[in-house]
Amino acid sequence: MSWRTRTQSSGSTTTTTTTTSSMDGGGGGGGGGGGGGGMGTACYVYPIDNNLVLPLDPNPDAFYQRGIDMNIPMTMDDGRTVTMWGFTDLAAGGGMDGMGAGTFPSPAMRVRQGQLVQTQLQVGMMMYHTIHHHGIEPEYRSDGVGHISWDVNGTYTYQWRPTHAGTYFYHCHTNTVLHAEMGMYGALIVDPPQGPGRAFEGGPAYDVEAIWAVDEIDSSWHTLDWTAGTCGGDVGLNDLNPDYFVITGVDGAQSALTAPGVAVNMNRGQRLLVRYICAGYMPQQMRFGGLTASVVASDGRPLPQAINVTQLDAVSAERYDCIITPTRSGTYTVEIDIKHWVTGQVLGTARTRINVA
């Protein structure tokens, strides 16, 4: 399965060979950088072509720096620890190459519609990754899709401009089936030009916000190397058997019922905006615990007319913006079933709560 969109305008300078790469170039707003490292054994890697990269604008409106952490321990409700991968926030002191400070999901990016944004990716050691800003539709040299653009070892800066407010996400697009399942993604929120407070320009206002990225984890995959399956060997990436079901990086068996940032606390009469990201590969069905949700946007685009639902079905990489306005106090348990993509069998359920005072 491959997640794709396009990007808008990009740059960084690089010299590469088929076995090593070294990066040397500028980046707006603190971009650019140096680095290098050997290429791993991935058979499909497309090193950066210096003749194709675009110059960067020296004055972006927003600038993000991301590193790589492939050693993020996640303790599940049954006491087991599963190793996740992710991006770090280098500007906030995050490390690289397993040196700590990585989170699952990766740190969110939040920008405003119409801003010129640059995302600098720094990859060390002998591996390749990319960043794909899913749904933004940029120019292909900033797209971050392996096989279409290139895979990054060293430093590369993507440049893009979101034209629609809404809920998106970013993820690695190298060996995507494995890297996305390992947790290499994060929320990407585009606010209207005026900033947070409305789902989109001229859209409904909200008082409280929740980002629910719902995912399934097959722990048997989480000992694999980043190159697994890329050279023709069968490592089982066609056979996903999830044993954990999570909401925004929290085990949905119990912890997500009360976890800060996942469970919602609000007052009666307030408007809650749920930014729902189907971050797994399996189909999902969300039930709102007896509440009615008004779906106002899908995949970063406003719907012509809001649709009121008590349950919502989604497939991989879909996003929905839902407004919920409880009229009665109480605790409402939200349930998300993760289903087998062929049989429809419920494989597991993740749960959280909306607590209304």
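Here the structure is a predicted model, which is why all the values come from computation and not from measurement.
Between Met76 and Ile217, some side-chain heavy-atom pair lies under the 4.5 Å cut-off. Considering only heavy atoms from C-beta on, Thr103 comes within 4.5 Å of Pro107 through its side chain. Side chains of Leu52 and Arg141 form a contact here, defined as non-hydrogen atoms less than 4.5 Å apart. Between Phe245 and Val214 there is no side-chain heavy-atom pair separated by less than 4.5 Å. Side chains of Leu291 and Ile354 form a contact here, defined as non-hydrogen atoms less than 4.5 Å apart. Between Val246 and Met74 the shortest side-chain heavy-atom distance falls below 4.5 Å. In this structure, Val334 and Trp212 have side chains that are in contact, with non-hydrogen atoms separated by less than 4.5 Å. For the pair Arg66 and Leu90, the minimum side-chain heavy-atom distance is 4.5 Å or more.
Atom CG of Asp337 and atom CD of Glu335 lie 7.0 Å apart (nearest 0.5 Å). Here the CZ-CD distance, from Arg161 to Gln118, works out to 10.5 Å after rounding to the nearest 0.5 Å. Note: Glu216 CD to His340 NE2 = 11.0 Å, rounded to the nearest 0.5 Å. Expressed to the nearest 0.5 Å, how far SG of Cys278 lies from CZ of Arg319 amounts to 10.5 Å. For the atom pair NE2 of His179 and SG of Cys172, the computed distance is 5.5 Å after rounding to the nearest 0.5 Å. Put simply, CG on Asp215 and CD1 on Ile247 are 11.0 Å apart, with the number rounded to the nearest 0.5 Å.
Taking hydrophobic clusters as Ile, Leu, Val, Met, Phe, Trp and Tyr residues chained together by side-chain heavy-atom distances below 4.5 Å, Tyr168 shares a cluster with Tyr140. Both Tyr44 and Leu178 are members of a single hydrophobic cluster when ILVMFWY side chains are connected at heavy-atom separations under 4.5 Å. Ile338 is connected to Val342 through a chain of hydrophobic side-chain contacts under 4.5 Å among Ile, Leu, Val, Met, Phe, Trp and Tyr, so both are in one cluster. Under a hydrophobic clustering in which Ile, Leu, Val, Met, Phe, Trp and Tyr are joined whenever their side-chain heavy atoms come within less than 4.5 Å, directly or via other members, Met286 and Ile324 fall into the same cluster. When hydrophobic clusters are built by joining Ile, Leu, Val, Met, Phe, Trp and Tyr residues whose side-chain heavy atoms come closer than 4.5 Å, directly or via intermediates, Val295 is grouped together with Phe288.
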Ignoring hydrogens and angles, write down the donor-acceptor pairs under 3.5 Å from the side chains of residues 251-266, residues two or more places apart or on other chains.
{"residue": "Asp251", "atom": "OD1", "partner": "Ala253", "partner atom": "N", "Å": "3.0"}
{"residue": "Asp251", "atom": "OD2", "partner": "Asp77", "partner atom": "N", "Å": "2.9"}
{"residue": "Ser255", "atom": "OG", "partner": "Asp77", "partner atom": "OD1", "Å": "2.4"}
{"residue": "Asn265", "atom": "OD1", "partner": "Asn355", "partner atom": "ND2", "Å": "3.1"}

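Ring to ring, Tyr158 and Tyr156 are close: their centroids are under 6.0 angstrom apart. Aromatic pair Phe87/Tyr185: ring centres not closer than 6.0 Å.
Shown here for Leu240 and Pro242, the closest heavy-atom pair between the two residues is O-CD, 3.5 Å. Smallest separation of non-hydrogen atoms from Thr349 and Val346: OG1-CG1, 4.0 Å. Scanning both residues, Ala62 and Val111, for their nearest heavy atoms gives CB-CG1, 4.1 Å. In plain terms, the two heavy atoms of Leu237 and Val177 that are nearest each other are O-CG1, 3.7 Å. Here the shortest heavy-atom pairing between Pro162 and Gln115 reads CD-O, 3.2 Å. For Pro192 against Ala165, the heavy-atom pair with the smallest separation is N-CB, 3.6 Å.
Sorted by first and then second residue, the pairs that involve residues 187-205 and meet side chain to side chain donor-acceptor pair (under 3.5 Å), not counting sequence neighbours, are Arg110-Asp191.
For the residue pair Asp239/Asn241, the side-chain donor-acceptor check at 3.5 Å is satisfied. A side-chain N or O of Asp143 and one of His132 form a donor-acceptor pair less than 3.5 Å apart. Arg275 and Tyr320 are not linked by any side-chain donor-acceptor pair at a separation below 3.5 angstrom, with hydrogens and angles left out of the test. Side-chain N/O atoms of Asn175 and Thr230 include no donor and acceptor closer than 3.5 Å. Residues Asp313 and Gln285 have side chains that bring a donor and an acceptor to within less than 3.5 angstrom of each other.
Without hydrogens or angle criteria, Ser219 side chain to Tyr244 main chain gives no donor-acceptor distance under 3.5 Å. Between the Ser294 side chain and the Ile323 main chain, no donor and acceptor come within less than 3.5 Å of each other. Listed for the Asp61 side chain is a donor-acceptor partner under 3.5 Å among the backbone atoms of Leu116. Judged purely by atom type and a 3.5 angstrom limit, Glu181 uses its side chain to pair as donor or acceptor with the backbone of Asp218. Here the side chain of His222 pairs a donor or acceptor atom with the backbone of Thr83 at under 3.5 angstrom. Side chain of Asp321 to main chain of Val296: no donor-acceptor pair is present (N/O by atom type, distance under 3.5 Å, no hydrogens or angles).
Ring planes of Tyr128 and Trp226: tilted class, angle from 30 to 60°. Relative orientation of the Phe169 and His134 rings is parallel, given thresholds of 30° and 60° on the angle between their planes.
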Exercise for the section: Show your reasoning for whether side chain to side chain contact (heavy atoms under 4.5 Å, CB included) applies to His164 and Val190. Expected result: CA-CA 7 Å; His164 298 275; Val190 178; over 6 Å; no
Practice task
Take Met84 and Met182, measure what side chain to side chain contact (heavy atoms under 4.5 Å, CB included) needs, and give me the verdict at the end.
Solution key: CA-CA 5 Å; Met84 307 298 294; Met182 294 294 290; 5.8 Å; no
Practice task
Mind running side chain to side chain contact (heavy atoms under 4.5 Å, CB included) on Phe200 and Arg301 for me, showing each step along the way?
Solution key: CA-CA 9 Å; Phe200 47 85; Arg301 301 295 187 272; over 6 Å; no
Practice task
Mind running side-chain hydrogen bond (donor to acceptor under 3.5 Å, both in side chains) on Thr119 and Trp160 for me, showing each step along the way?
Solution key: CA-CA 8 Å; Thr119 306; Trp160 47 283; 3.1 Å; yes
Exercise for the section: Tell me, with the steps shown, if Ser149 and Thr130 meet side chain to side chain contact (heavy atoms under 4.5 Å, CB included). Expected result: CA-CA 10 Å; Ser149 53; Thr130 69; 5.8 Å; no
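Using a 4.0 Å cut-off between charged side-chain N and carboxylate O, Asp207 and Arg271 make no salt bridge.
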